[in-house]
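Before any comments, here is the structure.
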Amino acid sequence: MKIYIRSTAAISAQKTFGYVPFLTEPIEYTGTRLSAIEPDYKDFVDPKLARRMSRIIKMGVAAAMQCLKDAGIEMPGAIITGTALGCQEDTVSFLTRIIELQEEMLPPTAFIQSTHNTVAAQIALMLKCHNYNNTFVHKGISFESALLDAIMLLKEGDANEILVGGTEEMTDTAFKILTRLGLYKRWPLSNFELYNTKSKGTIGGEGAVFFLLNDKPSTENLAELVSTKTFYKPKSNADIEKQIEAFLAKNNLTIQDIDLIITGKNGDLKNDAVYEALDGSLFANSSKAYYKHLCGEYPTSMSFALWLASNVIKRGEVPAVVADGEIKNKSPKKVLIYNHYQNSYHSLMLLSAC
């Protein structure tokens with residue numbers, strides 16, 4: 001069975017939401033954190049409802065509704081989301097109130113909306129959708145786990161027209177903590193200079209990206225999702241190479257068959273050492289692209305990479321802002337995405353033109 005990406009919608013730090021040019025007007029930021037460009041939510045959510053929603057819920061709902069609209073689907077067969085840190089804004093708000101009110105007479109709204117599955121639940125409530133609804137919280141492979149669940153549902157024939165999304169928000173509190181832990185850089189820089197600044201840390205990010213998956217061939221489909229794979233804490237760079245080669249071999253391909261490789265380089269010395277080792281071996285003769293200078297680093301950033309790959313295949317072009325060196329095939333038909341999160345959670349996705 002072939003699985004297709006019917007439509008996708010992305011809210012990110014770039015102009016990616018709605019009917020806009022494909023990354024021809026990239027936005028430059030100077031700092032250590034990228035914030036998502038939020039749309040006018042009145043088009044997607046009743047203003048009275050929106051008042052009680054945190055940013056991540058509104059972003060998730062808007063991206064999901066736009067994705068369904070683009071696919072011409074009113075009711076998905078399943079709703080599956082992936083998030084590593086969930087609704088941080090509501091979590092922090094609730095914990096702060098506990099201290100401020102000395103654990104007495106706590107308003108329940110922040111607690112109710114602080115759970116990780118709030119985005120998927122809110123989408124279902126708005127659509128009155130009683131179908132399969134699940135959220136995966138698996139750190140750096142949360143979105144990949146959601147995608148795998150959707151693939152299994154399709155292959156088992158339990159659902160069709162499946163809505164899958166990856167959501168993450170960056171709050172001030174989380175940003176401060178993660179900066180102290182060394183995840184982000186400690187001085188401001190341009191996101192366009194991210195890969196030229198060889199130092200520890202990267203830039204923070206956030207976003208909400210949704211996809212509609214089905215098994216129906218159509219000229220409207222963006223791309224075919226051929227296969228996906230995750231692996232955990234490989235022993236060495238040689239082990240990573242073997243994993244990638246085995247993944248391609250399972251799909252009857254070699255690295256020479258891949259037109260474009262999208263990697264998760266993020267400007268951090270330790271993080272990028274993995275990709276640079278591959279650039280000198282397995283990826284040496286391949287056309288490559290990167291994306292984290294556009295959306296920032298966050299646990300479900302692989303959803304942005306999948307949005308990018310789907311559009312590259314459908315539109316038959318690689319935006320100059322993502323090109324890592326020379327792109328040999330200007331209209332890629334087969335795209336491999338490889339990303340790792342803190343060198344623990346490694347992900348592979350293979351896409352092909354329909």
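Scope of the values below: all heavy atoms of this structure, side chains included, with no hydrogens, waters or symmetry mates.
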Which heavy atom of [X] sits nearest to which heavy atom of [Y], and what is that distance?
X	Y	result
E297	Y184	O-OH, 3.7 Å
K235	D239	N-OD2, 3.2 Å
G77	N131	O-CB, 3.1 Å
P39	A62	CG-CB, 4.3 Å
E161	L212	OE1-CD2, 3.3 Å
M302	N339	SD-CB, 3.5 Å

Approximate separation, where rounding is to 0.5 Å, of [X] [atom1] and [Y] [atom2]:
X	Y	atom1	atom2	result
N329	K334	CG	NZ	11.0 Å
D158	D149	CG	CG	10.0 Å
S236	E241	OG	CD	9.0 Å
K185	K200	NZ	NZ	11.0 Å
I3	D215	CD1	CG	7.5 Å
I98	T96	CD1	OG1	9.0 Å

Would you find a donor on one side and an acceptor on the other, under 3.5 Å apart, between the side chain of [X] and the backbone of [Y]?
X	Y	value
D272	N266	yes
S7	C67	yes
D259	K333	yes
T228	L348	yes
E89	I56	no

Check whether [X] and [Y] end up in the same hydrophobic cluster, where Ile, Leu, Val, Met, Phe, Trp and Tyr are linked by side-chain heavy atoms less than 4.5 Å apart.
X	Y	answer
F94	I99	no
L351	I258	no
L154	I79	no
L225	F304	yes
Y132	I151	yes

Step-by-step side-chain hydrogen bond (donor to acceptor under 3.5 Å, both in side chains) determination, T254 to Q256: CA-CA 5 Å; T254 65; Q256 285 75 33; 3.1 Å; yes
Does the plane of the ring in Y290 sit parallel, tilted or perpendicular to the ring in H293? Use 30° and 60° as the thresholds.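 Taking H293 first and then Y290, their aromatic rings stand perpendicular (interplane angle over 60°).
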Parallel, tilted or perpendicular: which fits the ring planes of Y345 and Y341, with parallel below 30° and perpendicular above 60°?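 Judged by the thresholds at 30° and 60°, the geometry between Y345 and Y341 is tilted.
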Please check if the number of heavy atoms outside [X] that lie under 6.0 Å from its [atom1] is greater than 12.
X	atom1	answer
E156	CD	yes
N285	CG	no
M105	CE	no
R52	CZ	no

In the structure I gave you, are the side-chain heavy atoms of [X] and [Y] within less than 4.5 Å of one another anywhere?
X	Y	result
D172	R33	yes
L248	I255	yes
L127	L68	yes
M59	T167	no
E206	R55	yes
V209	T300	no
K139	P299	no
L306	L147	yes

Under the side chain to side chain contact (heavy atoms under 4.5 Å, CB included) rule, what do N343 and N271 come out as? Steps first, then yes or no, please. CA-CA 7 Å; N343 206 11; N271 181 86; over 6 Å; no
List the steps and the verdict of side chain to side chain contact (heavy atoms under 4.5 Å, CB included) for L183 and Q342. CA-CA 9 Å; L183 192 61; Q342 298 183 359; 3.1 Å; yes
Do the side-chain N and O atoms of T118 and T115 include a donor-acceptor pair separated by under 3.5 angstrom?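 Per modelled atom types, T118 and T115 side chains form a pair under 3.5 Å.
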Pick from I262, I244, L253: which one makes a side-chain contact (heavy atoms from CB on, under 4.5 Å) with L336?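 So, applying the side-chain contact (heavy atoms from CB on, under 4.5 Å) to L336 and each of I262, I244, L253, only I244 qualifies.
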V335 and side-chain contact (heavy atoms from CB on, under 4.5 Å): which partner among L260, L308, L350?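 Per the side-chain contact (heavy atoms from CB on, under 4.5 Å) rule, the option paired with V335 is L260, out of L260, L308, L350.
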Only one of K288, K265, K292 clears salt bridge (Lys or Arg N to Asp or Glu O under 4.0 Å) with D324; which?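 Checked K288, K265, K292 against D324; only one passes salt bridge (Lys or Arg N to Asp or Glu O under 4.0 Å): K265.
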Please collect all ring-ring contact (aromatic ring centres under 6.0 Å, His included) contacts where either partner lies in residues 200-229, sequence neighbours excluded, each pair once.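 Pairs touching residues 200-229 that pass the test: F143-F211.
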Any chance you could lay out the side chain to side chain contact (heavy atoms under 4.5 Å, CB included) test for T8 and K314, step after step, and finish with the verdict? CA-CA 11 Å; T8 179; K314 181 64 177 177; over 6 Å; no
Take E144 and T230, measure what side-chain hydrogen bond (donor to acceptor under 3.5 Å, both in side chains) needs, and give me the verdict at the end. CA-CA 8 Å; E144 292 86 332; T230 60; over 6 Å; no
Could you give the side-chain donor-acceptor pairs of residues 15-29 under 3.5 Å, partners two or more places apart or in another chain?
from : atom 1 : to   : atom 2 : distance (Å)
K15  : NZ     : E25  : OE1    : 3.2
T16  : OG1    : A10  : O      : 2.9
T16  : OG1    : S12  : OG     : 2.9
Y19  : OH     : Q66  : NE2    : 3.2
Y19  : OH     : D70  : OD1    : 2.8
E28  : OE2    : S190 : OG     : 2.6
Y29  : OH     : A13  : O      : 2.5

Could you walk me through whether Y275 and Y338 pass ring pair (Phe, Tyr, Trp, His ring centres under 6.0 Å), step by step? CA-CA 9 Å; Y275 301 112; Y338 168 55; 5.5 Å; yes
Which residues pass the ring pair (Phe, Tyr, Trp, His ring centres under 6.0 Å) test with Y41, not counting sequence neighbours?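 By the ring pair (Phe, Tyr, Trp, His ring centres under 6.0 Å) rule, Y41 matches no residue at all.
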Please evaluate residues K216 and R6 with respect to the criterion side chain to side chain contact (heavy atoms under 4.5 Å, CB included), reporting the C-alpha separation (whole Å), side-chain torsions for both, the decisive distance (0.1 Å), and the verdict. CA-CA 9 Å; K216 300 170 185 170; R6 175 67 184 81; over 6 Å; no
